[in-house]
Amino acid sequence: MLGCKGSSGTAVRYKLTLATGLLECLCFAGVVFGWASLVFVLKTDGYFSDLCINATDTSGELDCSPQDDNFSLVFTVASFMNNFLTLPNGFFYDHFGTMATRFLAILLYTTGTLIVALSNKALSFLLFPALSFIAVGGILFLMTNMQVGNLFDSHRSTIITVYNGAFDSSSVIFLIIKVLYESGVSFRSSFLFLSACNLIHLLRTLFLMPKSHIPYSISDDYKYGMSCAKSHSYNVEQYEAERDLSSDRGRGVDDEPLETDTLKLTDNSETDSFRSCVLSWFFLWHLIWLSVMQLRHYFFIGTLNPMLNRLANQDPDIVSEYTNAFAFTQFCGVLCAPWNGLLMDRHKRKPLDPGVSEREADLRSSVLSLLLTSLQCLLFSICASIPVLPLQYVTFILQVLNRSFLYGGNAAFISIAFPARHFGKLYGLVMSLSAVVSLLQYPCFALNKVLGGDPFYVNIILTVLTLLAFIHPVYVFLHCRELAKQRENSQSILEASIQETSMY
């Protein structure tokens, strides 16, 4: 059972918030990453088909590589907007709170699904703004839901990673749309249904989410959402400032926190400014860690359909079979994500070592998660580089496992290493900067085209690039070891001082 504070009625409300948030992320938030399934439907409906040209003057065969390029570009733009706009949206979320941010998400998501529903072969260009709106609205749903982990103290990282896993698994929705399309349900009807589902998001925003933010940690009488009782939806910055003040008053001289030249890792780190967080080595290596692996995933998803066509010798039945297999494995992301959260929360039930802050213990637990995520990406990239069709089943499994670890670990690490009041801004900034790096996927697409559509050499380059991800866990490990060494030295000095005093 998940541990949570408050009365039984409040506990039920917390668990209902958790369950509905999981459903929201699982069915709506990350649907754009099921793009490979949707492309199959869009091709059948003739989107961008006017770009297909005769391969030769004599042959009747069509060269549809320009069509594939445009589909890849739609995904590139949508995935870029998904991450890049997280920065202004993060500032918006921190400043205006949950309710305003979710209203924005609902507006964007509804607009995007309606545009797709109203598009057709002649209006193929509408896919560019539509998929971007859906992507940005979806990431806002995820951002506002991750704070639900604050309601369950001992399972905080696990819940954050589960929500990110559900975000990844929601890509299966486009597979469902593909299967329904093949069964006779129109493409337009499916997206009109997604538009109508925004009523669910609206009701959840009003009754099961706070107006401002959920603080960490919460008081026993904490309440949120519309109800007869008075809501205690705190402003995070004000709440933490008051907590820091009371903490400072209660701290003695001997309780001064250890510091390093990068980041304070005690409860007093809440006093760190946004600027100091951004300029820390933690942020830099974390950004590189996320960016190189995200680029690898985006290139793989963006080129999956043409790659499968190449390996299957243009057999549509085989391509459809592998596309379905890929989409199904994406759904399993929600099952993989909790493993990462359990890794990061594995120390929660044990008492802290003397002198070790909770934040430092959390950070030390994150090292294994960061290392495993980097290793998974390396193995996934190697498998994706080998042009053997049956091997792609293994690639799909490694890809979804790594994706669920990557995004869940990203959000959990930011919540651990930096002040909660900067979470929206830092999460937005790291996602935005990684989005700029992810634009390199389009030069990769261009290079792939120059090489005759064979992605082997581009895959090798990206595999070598993923080795940079291993720097982050090594740096965090060395940082934690340095903190432990400082603490031991400080304890030795203190013991020597006490021994010297006792002599007199």
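What's counted below: heavy atoms across the whole structure, side chains too, no hydrogens, waters or symmetry copies. One-based numbering along the sequence shown.
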Please state whether the rings of Trp285 and Tyr475 are parallel, tilted or perpendicular, taking 30° and 60° as the class boundaries. tilted

What orientation do Trp35 and Phe75 show, parallel under 30°, tilted 30 to 60°, or perpendicular over 60°? parallel

Kindly indicate whether the side chain of [X], heavy atoms from C-beta on, has any atom under 4.5 Å from the side chain of [Y].
{"X": "Met209", "Y": "Met99", "value": "no"}
{"X": "Thr101", "Y": "Asn89", "value": "no"}
{"X": "Val148", "Y": "Ile160", "value": "no"}
{"X": "Thr395", "Y": "Phe300", "value": "yes"}
{"X": "Val185", "Y": "Ser190", "value": "yes"}
{"X": "Phe283", "Y": "Leu429", "value": "yes"}
{"X": "Leu375", "Y": "Leu371", "value": "no"}
{"X": "Leu18", "Y": "Leu151", "value": "no"}

Classify the side-chain pair [X]/[Y] by whether it contains a donor and acceptor separated by less than 3.5 Å.
{"X": "Thr329", "Y": "Gln399", "answer": "no"}
{"X": "Tyr322", "Y": "Asn309", "answer": "no"}
{"X": "Thr161", "Y": "Asn340", "answer": "no"}
{"X": "Tyr93", "Y": "Gln147", "answer": "yes"}
{"X": "Thr323", "Y": "Lys178", "answer": "no"}
{"X": "Gln294", "Y": "Ser434", "answer": "yes"}

How about Tyr393: does its OH atom have over 12 heavy atoms from other parts shown lying under 6.0 Å from it?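 Yes, because the 6.0 Å sphere around OH of Tyr393 holds more than 12 heavy atoms from other groups.
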
Atom OH of residue position Tyr109 - does it have more than 12 heavy atoms of other residues, nucleotides or ligands inside 6.0 Å? yes

Taking [Y]'s backbone N and O only, do any of them form a donor-acceptor pair with [X]'s side chain (distance below 3.5 Å, no angle check)?
{"X": "Asn459", "Y": "Pro455", "answer": "yes"}
{"X": "Ser432", "Y": "Phe84", "answer": "yes"}
{"X": "Ser169", "Y": "Ala166", "answer": "no"}
{"X": "Asn198", "Y": "His201", "answer": "no"}
{"X": "Asn82", "Y": "Val136", "answer": "no"}
{"X": "Ser124", "Y": "Phe48", "answer": "yes"}
{"X": "Thr110", "Y": "Leu107", "answer": "no"}
{"X": "Glu182", "Y": "Val179", "answer": "no"}
{"X": "Ser280", "Y": "Cys277", "answer": "yes"}
{"X": "Asp168", "Y": "Gly165", "answer": "no"}

Could you grab the distance from atom [atom1] of [X] to atom [atom2] of [Y], nearest 0.5 Å is fine?
{"X": "Met293", "Y": "Ser438", "atom1": "CE", "atom2": "OG", "value": "14.5 Å"}
{"X": "Ile176", "Y": "Ser183", "atom1": "CD1", "atom2": "OG", "value": "11.5 Å"}
{"X": "Trp339", "Y": "Cys336", "atom1": "CH2", "atom2": "SG", "value": "4.5 Å"}
{"X": "Tyr14", "Y": "Asn150", "atom1": "OH", "atom2": "CG", "value": "11.0 Å"}
{"X": "Cys444", "Y": "Leu295", "atom1": "SG", "atom2": "CG", "value": "5.5 Å"}
{"X": "Ile115", "Y": "Phe191", "atom1": "CD1", "atom2": "CZ", "value": "11.5 Å"}

Test side-chain contact (heavy atoms from CB on, under 4.5 Å) on Ile139 and Phe167; report intermediate values, then the result. CA-CA 8 Å; Ile139 196 72; Phe167 176 85; 3.9 Å; yes

Cation-pi between [X] and [Y]: NZ/CZ under 6.0 Å from ring centre and within 45° of the ring axis?
{"X": "Arg296", "Y": "Phe380", "value": "yes"}
{"X": "Arg403", "Y": "Phe33", "value": "yes"}
{"X": "Lys121", "Y": "Tyr47", "value": "no"}
{"X": "Arg13", "Y": "Tyr224", "value": "yes"}

Audit row: Leu433, Ser291, side-chain contact (heavy atoms from CB on, under 4.5 Å) steps and yes/no: CA-CA 8 Å; Leu433 293 176; Ser291 298; 5.8 Å; no

Ignoring hydrogens, what is the shortest heavy-atom contact between Ser132 and Met81? Give both atom names and the distance.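 Between these two residues, the closest heavy atoms are OG-CG, 3.7 Å.
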
Intermediate values then yes/no, side-chain contact (heavy atoms from CB on, under 4.5 Å), Leu87 and Met431: CA-CA 7 Å; Leu87 175 58; Met431 294 296 281; over 6 Å; no

What residue among Thr76, Leu440, Leu462 forms side chain to side chain contact (heavy atoms under 4.5 Å, CB included) with Phe299?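 Single pass found, and it is Leu462.
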
What's the verdict on side chain to side chain donor-acceptor pair (under 3.5 Å) for Ser189 and Ser186, showing C-alpha distance, side-chain angles and the deciding distance? CA-CA 5 Å; Ser189 298; Ser186 73; 2.7 Å; yes

Do [X] and [Y] make the cut of ring centroids closer than 6.0 angstrom?
{"X": "Tyr181", "Y": "Phe187", "result": "no"}
{"X": "Phe91", "Y": "Phe274", "result": "yes"}
{"X": "His472", "Y": "Phe282", "result": "no"}

Taking only Lys NZ, Arg NE, NH1 and NH2, and the carboxylate oxygens of Asp or Glu, determine whether Asp362 and Arg156 approach each other closer than 4.0 Å.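 Judged by the 4.0 Å cut-off on N to carboxylate O distance, Asp362 and Arg156 do not form a salt bridge.
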
From CA spacing to verdict: side-chain contact (heavy atoms from CB on, under 4.5 Å), Asn410, Tyr427: CA-CA 8 Å; Asn410 167 50; Tyr427 181 78; 3.6 Å; yes

